[in-house]
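Here the structure is laid out as structure tokens; the discussion comes afterwards.
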Number of protein chains: 2
Amino acid sequence: MRIGELSERTGTPRRLLRYYEEQGLLAADRAPNGYRDYPEGCVDRVLQIRGLLASGLPTRIIKQILPCINDPRAIHVSDPTPETIATLEDERRRMTDRIECLLRSRDAISNYLEAVRRAQRPTAAR
Amino acid sequence: MRIGELSERTGTPRRLLRYYEEQGLLAADRAPNGYRDYPEGCVDRVLQIRGLLASGLPTRIIKQILPCINDPRAIHVSDPTPETIATLEDERRRMTDRIECLLRSRDAISNYLEAVRRAQRPTAAR
DNA sequence: TCAAACCCTCACATCGGTGTGAAGGTCAAG
DNA sequence: CTTGACCTTCACACCGATGTGAGGGTTTGA
């Protein structure tokens, strides 16, 4: 698929798809005319990237994480230097922190909304 | 406590504490000499702020969320305009998305690390 | 064959969070 | 009284993600 379709299906500006490629997060081969040609799987991949970016991870880290997600079960034990492993462990910890922070805050919002709801519908269907 | 202590106890540059105040996330009263004077609770508050920032939320949103977290059980039903409520619901959804994305990715990393570990210690204590 | 709708690269701009430092006031200890 | 460690405000700089648009090629359909 070409960049326009990928853009539409992922809700991502073309500009950013090119940027992700430049950052090494996304690969596309090229049609003879130079147009990018994306395989189907890119849709999910782009959504992953956007999700992680929205969660505060920089492209540099996402680049290291993506292979772990994509390799469908088949780990290439080829590359992982002890250094890479350390980075991954580090980043996993950071992600756990984020998750906990978000969970706490989300629950607080839920409680708040719930309380407001109760206060607004004072002693209704009870 | 003064800004230096708060900075040290939260691992946050003074610069940012002032920035958070400027953004309306943090309040300090002033000593007669103009120095900021923070109450004890600010330590937790700052950590919350940093956690949410690291999770990709902008100060504008954090500002709306913090009151829900701080109000210890006692909701001020005073302010919440229907508009504010809508924003909160929206943001809660976004946070849920983030949480799910992070969970998926973290689990993928865990699986990966686990697999690498198994591959590196080939048929050990078994 | 021409217009519209794609695509390309390149480059400059914006925005939010953060770094850094200048210029100066306050306070405690020697 | 001075020195050093704090604090103040202000301003400019940086970095990563994103917006925008110029200048130009390709494809499709009227």
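Here is how names work: the chains are called A, B, and so on, in the same order as the sequence lines, proteins then strands, and each is numbered from 1. None of these values were measured; they are calculated from a predicted model.
With a 4.5 Å cut-off on side-chain heavy atoms, Glu100(B) and Arg104(B) count as touching. Using a 4.5 Å cut-off on side-chain heavy atoms (C-beta onward), Arg50(A) and Tyr20(A) make contact. Side-chain contact between Asp44(B) and Gln48(B): absent, with no pair of heavy atoms (C-beta onward) separated by less than 4.5 Å.
Although no hydrogens or angles enter the test, the distance criterion places a donor-acceptor pair under 3.5 Å between the side chain of Arg45(A) and the main chain of Leu25(A). Within the 3.5 Å criterion, the main-chain N or O of Ala54(B) finds a donor-acceptor partner in the side chain of Arg98(A).
In this structure, Leu17(A) places its CG atom 14 Å from C1' of dC8(C), rounding to the nearest Å. Atom CD of Glu22(A) is separated from atom C1' of dT9(C) by 11 Å (rounded to the nearest Å). As rounded to whole Å, 12 Å separates atom P of dG16(D) from atom CD1 of Ile61(A). Whole-Å rounding puts the Ile62(B) CD1 to dG16(C) P distance at 13 Å. One can place CD of Glu21(B) at 12 Å from C1' of dT8(D), the figure rounded to the nearest angstrom. We find that CG of Asp37(A) is positioned 13 Å from C1' of dC7(C), with the value rounded to whole Å. Rounded to whole Å, atom P of dC12(C) lies 18 Å from atom CZ of Arg18(A). For the pair Lys63(A) NZ and dA17(D) P, the computed distance is 12 Å after rounding to whole Å.
Backbone-only engagement by Arg14(A) is indicated by non-hydrogen atom pairs under 4.0 Å involving sugar-phosphate atoms exclusively.
For the pairing with Glu91(B), the side chain to side chain contact (heavy atoms under 4.5 Å, CB included) check across Ile65(B), Ile62(B), Thr96(B) returns one residue only, Ile65(B).
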- Note on the structure: Nucleotide by nucleotide, nucleotides 17-28 of chain C touches protein heavy atoms under 4.0 Å in the pattern (B base, S sugar-phosphate only, - none) BBBB----BBS-
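Summarising the geometry, atom OG1 belonging to Thr12(A) is positioned 9.0 Å from atom CD1 belonging to Ile49(A); distances are rounded to the nearest 0.5 Å. Summarising the geometry, atom CG belonging to Leu113(B) is positioned 7.0 Å from atom SG belonging to Cys68(A); distances are rounded to the nearest 0.5 Å.
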- Query: How far apart are the C-alpha atoms of Arg9(B) and Glu40(B), what are their side-chain angles, what is the distance that settles it, and do they pass the side-chain contact (heavy atoms from CB on, under 4.5 Å) test?
  - Reply: CA-CA 11 Å; Arg9(B) 287 174 63 186; Glu40(B) 184 64 23; 2.6 Å; yes
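Axis deviation across the helix from dT1(C)-dA30(D) to dG30(C)-dC1(D) amounts to 10°, comparing end segments of five pairs, rounded to 10 degrees.
At dT8(D), one or more side-chain N or O atoms of Arg36(B) fall inside 4.0 Å of OP1 or OP2 (strictly under the cut-off).
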